[in-house]
There are 2 protein chains.
Amino acid sequence: MSAALLHHIAQYTKLPAGEDQELLNFFRRINVNKKEMLLEEGQSCKTHYFVEKGCLRMFFLNSKGVEQTTQFAIENWWITDHMAFQLQKPASFYIQSVEASQLLALDFQVQEKLFLRFPQMESYFRQLYERAYAASQTRVKYLYDLSKEDHYRNFIEKYPGFAQRIPQYLLASFLGFTPEYLSEIRKKHRS
Amino acid sequence: MSAALLHHIAQYTKLPAGEDQELLNFFRRINVNKKEMLLEEGQSCKTHYFVEKGCLRMFFLNSKGVEQTTQFAIENWWITDHMAFQLQKPASFYIQSVEASQLLALDFQVQEKLFLRFPQMESYFRQLYERAYAASQTRVKYLYDLSKEDHYRNFIEKYPGFAQRIPQYLLASFLGFTPEYLSEIRKKHRS
DNA sequence: CGGATCGTTGATCAACTTCAACGGTCGTGG
DNA sequence: CCACGACCGTTGAAGTTGATCAACGATCCG
């Protein structure tokens, strides 16, 4: 049980043997159904989520009031509104389950205690954030460089199968264009 | 001397007293003139740069062969191609000085020794990357939400003065549009 | 079975790019 | 210290990309 997180941590750092359960005690276990809201804009963001099973998404309401998805989190991904989490300020994003999901939750106050008790976790998160930031640099590069159509092609090539896992309007929202335009691209792509 | 980095670190973590010089020995001091290249696409990216004084920029060549600036680094900022740095793979970005600059350089191999000798530096970088990633989430939000014109307005409001420090074509490149269009926006903005 | 939600299609429209041309200024060599 | 060339910012016309709006059919779920 709960092997997912421990296995993930083991890829980055070596934890002391026999203390798995004590480590897991720092986390809350959460189960959610489809379309449950885990965070809403304006709320305080107390929690960092690890997805054991399922899929979450992060989005915000853009200046026209339309939901704009900025991130998905599937198995073995962490997700939160980091600006709100770190500074303990009101969130500017929503987090919602796309599918029924099993999560582990790490609360802000608990995190500091976790680092004191397991210094290896500081190293784990250092490496995790470093990678997340690196991925973000790459993503910004794509956002600058790729046309909407190339963005679509790049996505389905990089994450084959995932496009089938989510409704099409969410994919359009994530890729940054309208469902109508996605429809047009797909038509062109088929023929 | 070199107070800038120590002062920056002190904002995130407490270093042991009297060991400043030993800490600084892990870094190389570098001075560059205007427009010197510190990293080029395809090279291995060995170094993480801290700007004590001056300004660097990161850019890539887009699919049309045009330089696309993705990041500036001024005083007290760190900069590197993180994907290439972490994985020690060929860089996909260029790093170039915008002004004559004083830098501190932390090399990849040295970094691991630094963490062993000064565990607080692991915490410093964990917090730094966490903030960088948070800022990146906010940036992606802007990239999705703001029109090019709003992007310009938002930038000069958030970083007053910086727009005067760099040539206009670099600002246009960073904001993701053509110098011609920036010119048009500025005209509209004046009147 | 019925209503709401989702994907598709086509027409019109706005934002931004591209291209070409011109004037100003900066810095470098003579 | 001057003159020349290269680079930079601006302007306007024409062209693209992708958004918006409205309408329709399909499908999912209660």
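Below, read A as the first sequence line, B as the second, and so on, with proteins coming before strands; counting in each chain starts at 1.
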(Q) Output the rounded distance in Å from OH (B:Tyr152) to C1' (C:dC16). (A) 17 Å

Q) For the pair made of CD1 in A:Ile166 and C1' in C:dG7, what is the distance, rounded to whole Å? A) 15 Å

Q. Would you call the rings of B:His8 and B:Phe50 parallel, tilted or perpendicular if under 30° counts as parallel and over 60° as perpendicular?
A. tilted

Q | B:Glu180 CD - D:dG9 P separation (whole Å) | A | 11 Å

Q) Would you say B:Thr178 reaches C:dT17's phosphate, i.e. side-chain N/O to OP1/OP2 under 4.0 Å? A) yes

**Q.** Residues in contact with DNA chain C, drawn from residues 139-149 of chain B - heavy-atom cutoff 4.0 Å
**A.** B:Ser147, B:Lys148

Q. Which word best sums up how the rings of B:Tyr12 and B:Tyr124 line up, parallel for under 30°, tilted for 30 to 60°, or perpendicular for over 60°?
A. perpendicular

Q: Is it possible for you to say whether B:Tyr129 and B:Ile9 belong to one hydrophobic cluster, with membership spreading through side-chain heavy-atom contacts below 4.5 Å?
A: yes

Q. Do any side-chain nitrogens or oxygens of A:Lys187 fall under 4.0 Å of OP1 or OP2 in C:dG10?
A. yes

Q. Roughly how many Å is it from CG in A:Leu182 to P in C:dC6, rounded to a whole number?
A. 14 Å

(Q) Between C1' on D:dC7 and CD on B:Gln168, what's the gap in Å once rounded to a whole number? (A) 14 Å

Q: Whole angstrom is fine here: how far is it from CZ in B:Phe177 over to P in C:dT18?
A: 14 Å

Q.
What is the separation between atom CG on B:Leu175 and atom P on C:dT17, rounded to the nearest whole Å?
A. 11 Å

Q.
Check this one for me: any side-chain N or O of B:Lys64 less than 4.0 Å away from OP1 or OP2 of C:dT17?
A. no

**Q.** Geometric class of the A:Trp78/A:His48 ring pair [parallel <30°, tilted 30-60°, perpendicular >60°]
**A.** tilted

(Q) In this structure, would A:Leu103 and A:Leu39 fall into the same cluster of hydrophobic residues linked by side-chain contacts under 4.5 Å? (A) yes

Q) In terms of the angle between their ring planes, are A:His82 and A:Phe85 parallel, tilted or perpendicular, with boundaries placed at 30° and 60°? A) perpendicular

Q: Using whole Å, report how far OH of A:Tyr181 lies from P of D:dA19.
A: 7 Å

Q) Looking across every strand, which nucleic acid part, if any, lies under 4.0 Å from B:Glu184 by heavy atom: base, sugar-phosphate, or nothing? A) nothing

Q) For the hydrophobic clusters of this structure (ILVMFWY residues joined by side-chain heavy atoms under 4.5 Å, transitively), does one cluster hold both A:Ile95 and A:Met37? A) no

Q.
Considering every strand and a 4.0 Å limit on heavy-atom distances, what is the contact class for B:Tyr169: base, sugar-phosphate, or nothing?
A. sugar-phosphate

